[in-house]
Q: 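One structure, pasted below without further comment.
Protein chains get the first letters and strands the later ones, always in sequence-line order, with residue 1 at the start of each. Fair warning: this is a prediction, and the values are worked out from it, not measured in the lab. Heavy-atom basis, side chains included; hydrogens, waters and symmetry copies ignored.
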Protein chains: 2
Amino acid sequence: MPTDEELRDDATSRLRAAGLRVTAPRVGVLVALERESHADADTVARHVRGSLGAVSTQAVYDVLHALTEAGLLRRIEPAGSTARYETRVGDNHHHMICRGCGVIVDVDCSGLAPCLAPAHPHGFLLDEAEVTFWGLCPECQPANEENA
Amino acid sequence: MPTDEELRDDATSRLRAAGLRVTAPRVGVLVALERESHADADTVARHVRGSLGAVSTQAVYDVLHALTEAGLLRRIEPAGSTARYETRVGDNHHHMICRGCGVIVDVDCSGLAPCLAPAHPHGFLLDEAEVTFWGLCPECQPANEENA
DNA sequence: ACGCTTACTTGACTCATTCCAGAAAAGCGT
DNA sequence: ACGCTTTTCTGGAATGAGTCAAGTAAGCGT
């Protein structure tokens with residue numbers, strides 16, 4: 001478990017590497033998402049406020065957009081949920097989402113070539129295959145069986 | 001191209017088979033989605049009003065929910081778009097979405113077993129793998145190249 | 001045809017997110 | 001350290017998809 005300082009330093013490096021100014025809200029957002037991946041804008045805002053004090057909602061949305069634009073964040077929009085963000089970018093990994101508690105877990109792509117080539121592309125020029133697995137996490141499986 | 005009457009009869013049968021009451025808005029919604037698949041609630045409402053006259057927005061939402069619940073419709077929520085509906089249910093097909101014009105095209109699953117089994121399920125009990133292909137449709141490819 | 005039950009209407013309302021605009025603050029190259 | 005430029009703040013308002021609630025209308029089994 002890295003310290004907050006390590007996370008802040010790392011976030012700072014990434015911001016500079018992307019040619020962006022290093023500001024407290026930006027670093028805070030990156031640290032918050034390292035601590036809790038797949039958080040929504042509101043959750044990120046609460047994390048950032050917890051460590052930095054007052055930060056406007058506006059600033060949080062601005063930062064999330066700017067960092068997503070710069071490729072430092074990836075935005076995902078699972079069905080039935082608000083937009084969520086993660087710091088893991090650059091690889092085309094996928095997600096498993098629990099229908100019970102909503103938890104989102106990263107899944108490596110495992111290089112499934114078939115997933116990138118549908119049987120009939122109909123002339124489409126594809127650049128991404130987004131895969132979302134739906135099911136029940138270990139926590140929610142027993143609870144669900146009892147209800148059934 | 002089936003006639004409206006054929007579509008209405010077919011929709012009526014499906015409603016009865018599902019044990020649902022046959023009402024004008026319900027039949028209208030099913031016919032609308034046969035005519036234009038992957039339409040959002042607003043588009044469905046406009047179609048239905050075009051053929052039935054006044055139908056409340058609420059009724060459209062109620063019908064879409066009820067029919068989705070009953071398994072007569074499938075709801076998809078692509079990132080950056082509102083919820084969309086289609087009448088093709090029962091098979092686990094996927095979608096290709098054009099980043100240019102937003103058009104959605106069905107893609108057969110082609111039985112890609114790997115897509116249903118991630119490398120590390122982390123104890124999840126999965127019931128669905130949702131695949132969305134992103135790219136440019138044939139129409140939007142030239143336009144995009146010119147801009148580049 | 002009757003009446004129970006389900007569906008539809010109306011209108012107010014929530015929620016995430018965006019936009020607006022001016023002022024204040026802060027980063028960073030020199 | 002200075003000053004230009006970008007970012008953030010205040011805070012108010014608007015948007016658009018979707019929901020809630022209570023009354024009215026309509027389907028359908030008898």
Q: Please compare B/Thr57 and B/Leu20 by the position of their nearest nucleotide in DNA chain C and report the one closer to 5'.
A: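 In this pair, the answer is B/Leu20.
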Q: Can a donor-acceptor pair be found, under 3.5 Å and without considering hydrogens, that links the side chain of A/Glu69 to the backbone of A/Leu64?
A: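 Not a single qualifying donor-acceptor pair exists.
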Q: Taking CZ from B/Arg46 and C1' from D/dG16, how many angstroms apart are they, rounded to a whole number?
A: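 Going from B/Arg46 (CZ) to D/dG16 (C1'), I get 14 Å.
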Q: Looking at D/dT8, C/dC8, C/dA26, which one has an atom nearest to any side-chain atom of A/Arg21?
A: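 For the A/Arg21 side chain, the nearest candidate turns out to be C/dA26.
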Q: Under a 3.5 Å cutoff, is there a donor and acceptor pairing between the side chains of B/Glu130 and B/His94?
A: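 No, no side-chain donor-acceptor contact under 3.5 Å.
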Q: As a test of reading the structure: which of C/dT9, D/dT8, D/dC28 is closest to the side chain of B/Ser56, going by heavy atoms?
A: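 From the listed options, C/dT9 comes nearest.
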Q: Quick one: do B/Arg14 and B/Glu34 satisfy salt bridge (charged side-chain N to carboxylate O under 4.0 Å, His left out)? Show the steps, please.
A: CA-CA 13 Å; B/Arg14 273 179 283 155; B/Glu34 289 296 342; 3.3 Å; yes
Q: Is the shortest side-chain N/O distance from B/Thr23 to OP1 or OP2 of C/dC8 below 4.0 Å?
A: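 Answer is yes, contact under 4.0 Å.
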Q: Take B/Ala24 and A/Val63, find for each the nucleotide of DNA chain D with the closest heavy atom, and name the residue whose nucleotide sits nearer the 5' end.
A: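 It is A/Val63 whose nearest nucleotide is closer to the 5' end.
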Q: For the pair made of CG in B/Leu64 and C1' in C/dA7, what is the distance, rounded to whole Å?
A: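 After rounding, the gap between these two atoms is 14 Å.
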Q: Mind checking if A/Ala41 touches a base, just sugar-phosphate, or nothing, with heavy atoms under 4.0 Å?
A: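 The residue A/Ala41 makes sugar-phosphate contact but no base contact.
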Q: Select one nucleotide: of D/dT8, C/dC8, D/dG18, the one nearest the side-chain heavy atoms of B/Arg26.
A: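 It is C/dC8.
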Q: Quick one: which protein N/O atoms are closer than 3.5 Å to N/O atoms of nucleotides 12-15 of chain D? Pair and distance per line, please.
A:
none

Q: Base, sugar-phosphate alone, or nothing: which one does A/Ala83 contact when heavy atoms must sit under 4.0 Å apart?
A: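 Sugar-phosphate, no base atom in range.
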Q: Over how many whole Å does the gap from A/Asp62 atom CG to C/dT18 atom C1' extend?
A: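 Whole-Å distance recorded here is 10 Å.
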Q: Whole angstroms only, please: what is the CG-C1' distance between B/Leu15 and D/dC28?
A: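 Atom-to-atom, B/Leu15 to D/dC28, this comes out as 14 Å.
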Q: Does a side-chain N or O from B/His65 land closer than 4.0 Å to OP1 or OP2 of D/dT19, or not?
A: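 For D/dT19, OP1 or OP2 has a side-chain N or O of B/His65 closer than 4.0 Å.
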Q: Calculate the interatomic distance between B/Leu52 atom CG and D/dA26 atom C1'; express it in whole Å.
A: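 The answer, rounded to whole Å, is 14 Å.
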Q: Check for a donor-acceptor pair, side chain of A/Glu77 on one end and backbone N or O of B/Pro78 on the other, with a separation under 3.5 Å.
A: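 No, A/Glu77 side chain to B/Pro78 backbone: no donor-acceptor pair under 3.5 Å.
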Q: Salt bridge check: are A/Arg99 and B/Glu128 linked by an N-O gap of less than 4.0 Å?
A: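 Yes, A/Arg99 and B/Glu128 are salt-bridged.
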Q: Is B/Asp106 paired with B/Arg74 through a side-chain N to carboxylate O contact shorter than 4.0 Å?
A: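 The answer is no: the pair does not qualify as a salt bridge.
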Q: Using atom CD of A/Glu77 as one end and atom C1' of C/dT18 as the other, report the distance to the nearest whole Å.
A: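 So the CD-C1' distance, A/Glu77 to C/dT18, works out to 14 Å.
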Q: Please confirm whether the backbone N or O of A/Arg8 pairs with a side-chain atom of A/Thr12, one donor and one acceptor, at under 3.5 Å?
A: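 Yes, the answer is positive, given that a donor and an acceptor are paired below the 3.5 Å cut-off.
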Q: Closest approach to the side chain of B/Tyr61, judged atom by atom: which nucleotide of D/dA17, C/dA7, C/dT18 is it?
A: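 Output: D/dA17.
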